[in-house]
Amino acid sequence: MLEELKKRVYEANILLPKYGLVTFTWGNVSEYDPETKLFVIKPSGVNYETMTSEDMVVMDLNGNKVEGDLNPSSDTPTHLEIYKAWADKGVKGVVHTHSSYATSFAQAGRGIPCYGTTHADYFYGEIPCARCLTKQEIDEAYEENTGHLIVNEFARLDKDPVACPAVLCKNHGVFAWGKDGFDAVHNAVVTEEVAKMAYRCEVINPRVMPAPQELQDKHYYRKHGANAYYGQAKR
Ligand SMILES: [Zn+2]
């Protein structure tokens, strides 16, 4: 079942090592199908070189494996909570990485400030860093609670997950999302790139300030929302 989706999710996962976002078997991509209310995710601990689309695992939103010979990624409950909360907003792809620069911000417990238009084109404002989980949250249901924390953090900050399609998890790494698995990977690549630029920017000028709000607004809104004009008109 969902053969087409399994192929897409496989291809999206293969992009992670291609773009240098993952080492060994780290990282995972999933995509949600609103028609069947199922999602497809990478299997746990399988090498990207030997993995095939048939290895992809089909899951339902109750956390049951619907199809697949292998165990799903250990981060599956985090993906699931994100879909449960945000699929209605159009979040249909989720990716998790420990990409180096973004994870460095996460380990330092800092969000990625918007220092320029590359960031503003994709993310409205700072990419936030969610707190570390408590001992109890880690012990009882680590991956599921990571998902709850991400969703709650966006509610607490009154941030729209569509306008800021990534988060850092303190002492851990990156979750990014998008309208499908490929879009989520795209946003994960941009997260890593803006983290790299932000890091260098702070090294070059330790007193650097975020880009002016009007510049951030200009760049975000010319690509997103009702009055967007970036790119070509849809034919
Ligand atoms: Zn991780």
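Heavy-atom basis, side chains included; hydrogens, waters and symmetry copies ignored. The first residue of the sequence shown is numbered 1, and numbering continues consecutively from there.
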Asks: Counting N and O atoms only, with roles assigned by atom type, does the side chain of D183 sit under 3.5 Å from a partner on the main chain of D180, one being a donor and the other an acceptor?
Replies: no
Asks: Roughly how far, to the nearest 0.5 Å, is SG of C201 from NZ of K196?
Replies: 14.5 Å
Asks: Hey, are the side chains of L21 and W26 touching, using non-hydrogen atoms and a 4.5 Å cut-off?
Replies: no
Asks: For atom CZ of F182, decide whether the heavy atoms of other residues, nucleotides or ligands shown that lie under 6.0 angstrom number more than 12.
Replies: yes
Asks: Picking from R8, K92, K6, what satisfies salt bridge (Lys or Arg N to Asp or Glu O under 4.0 Å) with E31?
Replies: R8
Asks: What's the separation between atom CG in N71 and atom OG in S44, rounded to the nearest 0.5 Å?
Replies: 6.5 Å
Asks: Just by distance, with hydrogens left out, do D121 and H219 show a side-chain donor and acceptor under 3.5 Å apart?
Replies: yes
Asks: Counting only N and O atoms by type, is there a donor-acceptor contact under 3.5 Å from the side chain of H119 to the main-chain atoms of G125?
Replies: yes
Asks: Determine, stepwise, if the pair F39 / V94 fulfils side-chain contact (heavy atoms from CB on, under 4.5 Å).
Replies: CA-CA 10 Å; F39 65 101; V94 174; over 6 Å; no
Asks: Restricting to side chain to side chain donor-acceptor pair (under 3.5 Å), what partner residues turn up for T36, sequence neighbours left out?
Replies: D33
Asks: What pair of heavy atoms forms the shortest contact from A184 to V95, and how long is it?
Replies: O-CG1, 3.2 Å
Asks: Mind checking the CE-OG1 spacing from M197 to T118? Nearest 0.5 Å is all I need.
Replies: 4.0 Å
Asks: What do the steps show when you test S30 against Y83 for side chain to side chain donor-acceptor pair (under 3.5 Å), and what is the final call?
Replies: CA-CA 10 Å; S30 70; Y83 291 131; 2.6 Å; yes
Asks: Please give me the minimum heavy-atom distance between T191 and A166, naming the atom from each residue.
Replies: OG1-CB, 3.4 Å
Asks: How about CG on N227, more than 12 heavy atoms from neighbouring residues, nucleotides or ligands closer than 6.0 Å, or not?
Replies: no
Asks: Answer yes or no: is there a side-chain heavy-atom contact under 4.5 Å between T78 and I150?
Replies: yes
Asks: Between E126 and K159, is the salt bridge (Lys or Arg N to Asp or Glu O under 4.0 Å) condition met? List the steps.
Replies: CA-CA 10 Å; E126 176 171 308; K159 249 184 181 328; over 6 Å; no
Asks: Between L16 and V189, is there a shared hydrophobic cluster once you connect ILVMFWY residues whose side-chain heavy atoms come closer than 4.5 Å?
Replies: yes
Asks: Do V185 and I82 belong to the same hydrophobic cluster, where Ile, Leu, Val, Met, Phe, Trp and Tyr are linked whenever their side-chain heavy atoms lie under 4.5 Å apart, directly or via other members?
Replies: no
Asks: Provide the closest heavy-atom pair for V29 versus V9 in the form atom of the first, atom of the second, distance.
Replies: O-CG1, 3.5 Å
Asks: Test side-chain contact (heavy atoms from CB on, under 4.5 Å) on L61 and Y32; report intermediate values, then the result.
Replies: CA-CA 10 Å; L61 287 184; Y32 176 68; 3.7 Å; yes
Asks: Following the transitive rule for hydrophobic clusters with a side-chain heavy-atom cut-off under 4.5 Å over Ile, Leu, Val, Met, Phe, Trp and Tyr, establish whether Y115 and V203 coincide in one cluster.
Replies: no
Asks: In terms of heavy-atom contacts, does NZ of K179 have more than 12 from other residues, nucleotides or ligands at under 6.0 Å?
Replies: no
Asks: Answer yes if V167 and Y122 sit in the same cluster of Ile, Leu, Val, Met, Phe, Trp and Tyr residues linked by side chain heavy atoms under 4.5 Å apart, and no otherwise.
Replies: no
Asks: Please name the pair of heavy atoms, one in V151 and one in E81, separated by the smallest distance, quoted to 0.1 Å.
Replies: CG2-O, 4.1 Å
Asks: Does the side-chain contact (heavy atoms from CB on, under 4.5 Å) test come out yes or no for V57 and V40, once each step is laid out?
Replies: CA-CA 5 Å; V57 183; V40 173; over 6 Å; no
Asks: Who are the salt bridge (Lys or Arg N to Asp or Glu O under 4.0 Å) partners of R222, not counting sequence neighbours?
Replies: none
Asks: With M51, which of L70, T25, I14 fulfils side chain to side chain contact (heavy atoms under 4.5 Å, CB included)?
Replies: I14
Asks: Other residues, nucleotides and ligands only: do more than 12 of their heavy atoms fall within 6.0 Å of NZ on K223?
Replies: yes
Asks: Can you name the nearest heavy-atom pair linking P113 to F105, along with the distance?
Replies: CD-CE2, 4.2 Å
Asks: What's the separation between atom CG in D75 and atom CG in L80, rounded to the nearest 0.5 Å?
Replies: 12.0 Å
Asks: Hey, are the side chains of L215 and T117 touching, using non-hydrogen atoms and a 4.5 Å cut-off?
Replies: yes
Asks: According to ring-ring contact (aromatic ring centres under 6.0 Å, His included), who are the partners of Y220, at least two apart in sequence or on a separate chain?
Replies: Y124, H224
Asks: With a 4.5 Å cut-off on side-chain heavy-atom distances among I, L, V, M, F, W and Y, is there a chain of contacts connecting L168 to V190?
Replies: yes
Asks: Taking the side chain as every heavy atom from C-beta outward, state whether I112 and R110 have any pair of such atoms under 4.5 Å apart.
Replies: no
Asks: Taking ring-ring contact (aromatic ring centres under 6.0 Å, His included) as the cut-off, I'd like each qualifying pair that reaches into residues 143-171, sequence neighbours left out, listed once.
Replies: W86-F154, F154-W177
Asks: Rounded to the nearest 0.5 Å, what separates atom SG in C114 from atom CD in Q213?
Replies: 8.0 Å
Asks: Under the salt bridge (Lys or Arg N to Asp or Glu O under 4.0 Å) rule, what pairs show up with a residue in residues 136-154, not counting sequence neighbours?
Replies: R131-E137, K135-D139, E153-R156
Asks: What residues, two or more places apart in sequence or in another chain, satisfy salt bridge (Lys or Arg N to Asp or Glu O under 4.0 Å) together with E11?
Replies: K7
Asks: What heavy-atom pair brings T146 and C169 nearest, and what distance separates the two atoms?
Replies: CG2-SG, 4.1 Å
Asks: With a 3.5 Å distance limit and no angle check, can you tell me whether N62 reaches the backbone of N64 through a side-chain donor-acceptor pair?
Replies: no
Asks: Answer yes or no: is there a donor N or O on one side and an acceptor on the other, between the side chain of N47 and the main chain of T50, under 3.5 Å?
Replies: no
Asks: Are more than 12 heavy atoms, taken from residues, nucleotides or ligands other than D69, located less than 6.0 Å from that residue's CG atom?
Replies: no
Asks: I want to check a possible cation-pi pair here: K42 against Y48, using under 6.0 Å from ring centre and within 45° of the ring axis as the test.
Replies: yes
Asks: Could you go through the side chain to side chain donor-acceptor pair (under 3.5 Å) check for Y19 and E192 one step at a time?
Replies: CA-CA 10 Å; Y19 286 119; E192 177 63 4; over 6 Å; no
Asks: Evaluate the ring pair (Phe, Tyr, Trp, His ring centres under 6.0 Å) criterion for residues H98 and H172: first the C-alpha distance (whole Å), next the side-chain angles of each, then the deciding distance (0.1 Å), finally the verdict.
Replies: CA-CA 7 Å; H98 294 185; H172 183 182; 5.0 Å; yes
Asks: Once you round to the nearest 0.5 Å, how far does OG1 of T103 lie from OH of Y101?
Replies: 12.5 Å
